[in-house]
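For ligands, and for the atoms within them, numbers begin at 1 and follow the listed sequence. Note that the numbering runs from 1 along the sequence shown for the chain. Everything numeric in this text was worked out from a predicted model, so none of it was measured.
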Amino acid sequence: MSTAATPDDVTKLADQGTILINGEWRKTGSAGMMDHINPATGKAQAAFAVGGRAEIDEAVRAAKAAFPAWRKVKADVRRDILNRFAGLLEQHKDKFNRVAALETGVPISGFPIINLAIDQVKYAAGWCDKIEGQITPTYPFDALNMIHHEPYGVIGAITTWNGPVAAAMMKSAPALAAGNTVVVKPPELGPFGTALVGRLAQEAGIPPGVLNIVSGAAEAGEALVRHPDVAKVSFTGSIPVAEILLKAAAEQIKPMVLELGGKSANIVFDDADLDQAAVMAAYMSAVQLAGQGCLFPTRLLVQDSVYDAMVERVLAHVKGVKIGNPLAADTMMGPVISQRAVDRIMGYIDHTVASRDGKLLTGGKRVGGDLADGYFIEPTVFGDVDNRSRLAQEEVFGPVLSIIRFKTEEEALALANDTRYGLAGYVHTNDLGRAHRVAGGLEAGYIGVNAFPSMAATAPFGGWKHSGYGREGGRISVEEFLRPKNIHIALPGSNY
Ligand code: ADP
């Protein structure tokens with residue numbers, strides 16, 4: 001394939017170091033070096049430092065040492081630092097977009113995920129000087145009963161590769177605003193954007209030790225959760241890894257925030273605006289991020305009477321998609337992240353074809369020709385999918401949409417909720433009563449009615465059921481990193 005741009009952005013970041021501890025960058029790690037593969041070419045493009053337990057120990061020590069001063073930084077000063085940080089992220093938007101294209105294959109022409117990160121930092125900055133306590137009544141005797149909300153100390157943040165910069169900021173920004181210090185463990189499949197974040201954090205004046213970054217893999221992630229001086233962990237990733245980490249955290253009764261993916265239903269009723277619904281149904285499941293989004297509407301539930309009309313519209317969109325080099329301005333869809341991902345996704349497609357759990361309507365193949373070396377998979381749509389099939393029940397995390405028929409509202413809700421996941425849910429209808437009923441009946445934490453939510457930083461994002469717990473975004477995301485303390489002060493002269 002022709003790569004018009006060079007991978008300068010990521011090689012430079014790798015050369016400058018991807019581990020940041022106490023304000024100092026490291027170019028090598030105790031667990032060695034790892035080649036990063038550009039998913040669009042299948043070729044190694046930069047080697048980065050892999051940190052392990054040793055770097056996590058040092059980073060946590062630095063974060064612990066920095067905590068007492070950071071929590072005492074005056075609220076307005078902390079707010080100004082975070083606002084400066086957001087401004088610098090904004091100035092480097094184009095660079096972040098190029099890095100995302102190179103490290104994770106996200107087209108530069110698509111939705112700039114960096115915007116989510118910037119908004120999270122701005123939003124969290126606004127909370128710095130608004131964290132308040134309460135005074136409550138006491139009995140049987142008079143006292144001053146105060147409730148303070150205090151930071152935990154050191155927060156561990158473990159992120160995944162499909163939006164590593166946004167995820168790092170969804171976790172770190174509220175944690176920092178609340179007065180905690182942070183150690184981020186970015187994903188090995190996408191460590192460079194987070195390194196750029198670290199450089200801009202330094203430039204913004206976030207003091208050494210307050211935000212540390214240890215690029216690495218499982219060893220570093222596990223060391224972070226097991227470290228006794230890490231008070232709380234926020235994790236985005238898969239359920240099997242969450243299970244390992246929960247067991248580790250259980251040994252220290254350590255609280256966690258878990259964002260673990262989904263298999264979200266998108267219910268289209270016969271009174272919906274089908275043209276509008278089809279755009280979202282097609283692009284947000286089988287095109288955007290090559291389908292690698294945890295909240296994507298991967299199960300499209302369509303009412304019987306409009307099934308054919310909806311399928312026709314969805315296919316018209318999907319078939320027109322331009323797949324290719326993420327750095328090219330006209331590319332709509334890039335590669336999936338790795339060869340492992342190709343194998344997994346093709347495994348689901350082949351299994352569904354063989355088992356007849358659904359009818360293949362379009363796609364279903366790895367892209368060849370000029371793109372054969374990269375990890376490109378055609379946008380793929382299956383119709384008449386069995387909701388109990390592997391395809392409909394498991395998270396494929398690739399450009400594969402399952403379409404399922406239903407007849408009644410009750411059946412639609414039952415199908416939508418018949419999953420262990422509960423991250424998001426979507427409903428398309430022009431009947432206001434039905435919109436409220438279905439939104440109320442969906443067992444999920446993030447609902448869109450006639451739209452895909454904008455992921456505003458003001459909105460609490462997170463799952464129900466096996467999709468995890470805890471929230472990112474909204475006031476509650478700051479509260480995740482504060483713990484209440486009740487202080488009872490006896491008043492002189494009170495009768496006790
Ligand atoms: P995904 O499938 O989305 O990559 P993973 O759960 O495998 O999700 O990875 C998410 C994050 O968890 C990454 O930063 C990864 O390095 C880290 N990770 C993977 N395995 C472990 C583990 N056993 N312990 C701690 N962290 C891990």
Practice item. Answer yes or no: is there a donor N or O on one side and an acceptor on the other, between the side chain of N38 and the main chain of Q45, under 3.5 Å? Key: no
Review point. How would you list, by chain and number, the residues with a heavy atom under 4.0 angstrom from ligand 1?
Key: I158, T159, T160, W161, K185, P187, E188, A217, A218, G221, E222, F235, T236, G237, S238, V241, I244, L245
**Study point:** Charged N-O contact under 4.0 Å between E222 and R226
**Key:** yes
Check your understanding: Looking at R199 and E203, does any basic side-chain N land under 4.0 Å from a carboxylate oxygen?
Key -> no
Point to revise | Polar side-chain atom of K64 near backbone of A59 as donor-acceptor pair, under 3.5 Å | key: no
Study note, to complete from the structure: Those residues at least two apart in sequence (or on a different chain) that pass salt bridge (charged side-chain N to carboxylate O under 4.0 Å, His left out) with K359 are D384
Exercise for review: Have a look at P186 and tell me which of T194, I158, V165 forms a side chain to side chain contact (heavy atoms under 4.5 Å, CB included) with it.
Suggested key: T194
